[in-house]
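Some notes on the structure that comes next.
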2 protein chains.
Amino acid sequence: MSDKKILIIEKASELFAKKGFEATSVQEITDACGISKGSFYLSFKSKEGLLLSVFEYFGTKLIDRIGAIHHMETTPRKRFEQFFVIQFEEIARYSDFILMQMREQTSPVNEEMLDLMNKMRKKAYETMENLLLNLYGEGIHNHLPDIIVMLNGITHGYIEIIVFNKKKLNIADLASYIVERTDSIISGLTEPFLKKEQLLSFEGTAISITTEELIKDIEMIKRQINDTEDEVFISLDVIGQELLTLDFRKPVISGMMSNLDNSELTEGLVRKLVRFLNR
Amino acid sequence: MSDKKILIIEKASELFAKKGFEATSVQEITDACGISKGSFYLSFKSKEGLLLSVFEYFGTKLIDRIGAIHHMETTPRKRFEQFFVIQFEEIARYSDFILMQMREQTSPVNEEMLDLMNKMRKKAYETMENLLLNLYGEGIHNHLPDIIVMLNGITHGYIEIIVFNKKKLNIADLASYIVERTDSIISGLTEPFLKKEQLLSFEGTAISITTEELIKDIEMIKRQINDTEDEVFISLDVIGQELLTLDFRKPVISGMMSNLDNSELTEGLVRKLVRFLNR
DNA sequence: TTGACTCATGACTGACCGGTCAGTTATTAT
DNA sequence: ATAATAACTGACCGGTCAGTCATGAGTCAA
């Protein structure tokens, strides 16, 4: 990733967090970076493309740091504390902006964004499960969904104070404080409230794709091609026919998809198909 | 409040929650209501005026219900549970949207919105303090900020599950579950982490106004008047001069402000000055 | 020196948005 | 039945924004 891209991502994320995505113009972003508007479009396909990159940039950063906890050689308790420290450090500045964006279910970009979001959630959830089981033993297994929901909530509560009041809190102390509270909560547990399946399933949160939607997309692209002998056109036709059958043959679809790879027109469709087949 | 106003407010709040304020056009709102765009402006001064009304509508609803807890004749524990029940019932659908808007520090409306928001927060905080002290005794006094932050976080965590997964959870059970967890947390408390003043002070959250900002506003309005003999122009000039001195005389400013009351041009400035003098 | 190439620019365009208003329709009063 | 008033409409306007593109500036090999 080039320096300029990083510069834009970091400046933009500040502005998005401060003013919101829609309310921030590309001009404002480029002004803040000291570059021209045209130059922006050398680095990013669109404003939405930038948004996706912002998510990728901070998301992978966070996932990497959380993933690295496993390699720390220390006590389970310290590891658990470290998990909170990382959250406070990394998410603090961007959580509001991330939360804000989560609600905007408009653009095609959000499809990819939801995927990334789910990947992050999943990673955080798995890590938390691991850390909790290591620290408190298998006995708490049934309580994991509740514990995680509550801990995430508590974390969020303190993040809001850090962000909103711009108060410099001692993050290490805070992490240790939260782990102590976790001790208390766990010692008092009786019956769990949440069942595992009530917790947001990471697969299910993504918008599910219907065959109807795919067929409509295919028809639209076919109309744009208009040459019935075109390789892409034929491939699309075959995929469409296959989708219409109730028990479509996945290999037929994935095979035909290989003919679409280079066409920019079908970029979005291919992405949808991949997600559709992998669900 | 007329039926149409309520219709618009409720439809709009759904759209705002789904897509965000900026991303939702007035046309979309009126389409959803089955009325014309022009008709919208018979009920609301502007799109921002609508936003304020949405806040007022749900805010007062919530404040009323929370305020009514005190009149319930039951045990402190049941009252405390009821507090959560109300939150889950009322906030659930709108909390995300409310949180989302809190970050958009753009418009003049937000000034008023912040006031309402602070009123709500304050009410919720005071009520919680009361309920907690009644249930657990004065001993927890020093821990109140932490407890409230954590409980708000936990509440939010479960709200997210309700909202995001559209799962029908038993709210009464959930409230009771949370109160039990509160028992555990409180029984294990040692040293508080947050000090009272670190919790968001309800006055302080409003954006502070600088003299520089005011002077800039004044100069801008003066340029728009251009008649140096105009009463408003002279008043603005005097206020500007007064603000430039380090120990400005408040009476001079408030006196001059009375000359500005009727001018639409100075509406925003007057509001800022009032907040500035009252801080 | 030249010309081919890359990178950067900002004026420009078409779409859209908030808000207005002249005109139409519905309702009530006479 | 008619006049008066209120409620409503949608075409329209000024303005903003995302995205484009003709132009220019800098670089370097020939």
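Chain naming here is simple, since letters A, B, ... match the order of the sequence lines and numbering starts at 1 in each.
Side chain of A/Lys47 to main chain of A/Phe21: a donor-acceptor pair is present (N/O by atom type, distance under 3.5 Å, no hydrogens or angles). Although no hydrogens or angles enter the test, the distance criterion places no donor-acceptor pair under 3.5 Å between the side chain of B/Glu14 and the main chain of B/Lys11. Under a 3.5 Å cut-off, the side chain of B/Ser39 and the backbone N or O of B/Ser36 do not form any donor-acceptor pair. Checking side-chain atoms of A/Glu89 against main-chain N and O of A/Ile86 turns up no donor-acceptor pair under 3.5 Å.
No side-chain N or O of A/Asp237 forms a donor-acceptor pair with one of A/Gln241 less than 3.5 Å apart.
Judged as a salt bridge (Lys or Arg N to Asp or Glu O under 4.0 Å), not a single pair has a partner in residues 32-43 of chain B (not counting sequence neighbours).
Nucleic acid contact class of B/Ser2 (heavy atoms, under 4.0 Å, all strands): none.
Across every non-hydrogen atom of B/Ile9 and B/Phe44, the tightest pair is CG1-CZ, 3.8 Å.
Taking the 5' to 3' direction, DNA chain D first and last meets chain B under 4.0 angstrom from a heavy atom at D/dC8 to D/dG10.
DNA chain D lies under 4.0 Å from at least one heavy atom of each of the following residues of residues 25-42 of chain B: B/Ile35, B/Ser36, B/Gly38, B/Ser39, B/Leu42.
Between B/Ile8 and B/Ile35, the closest side-chain pair of non-hydrogen atoms falls below 4.5 Å.
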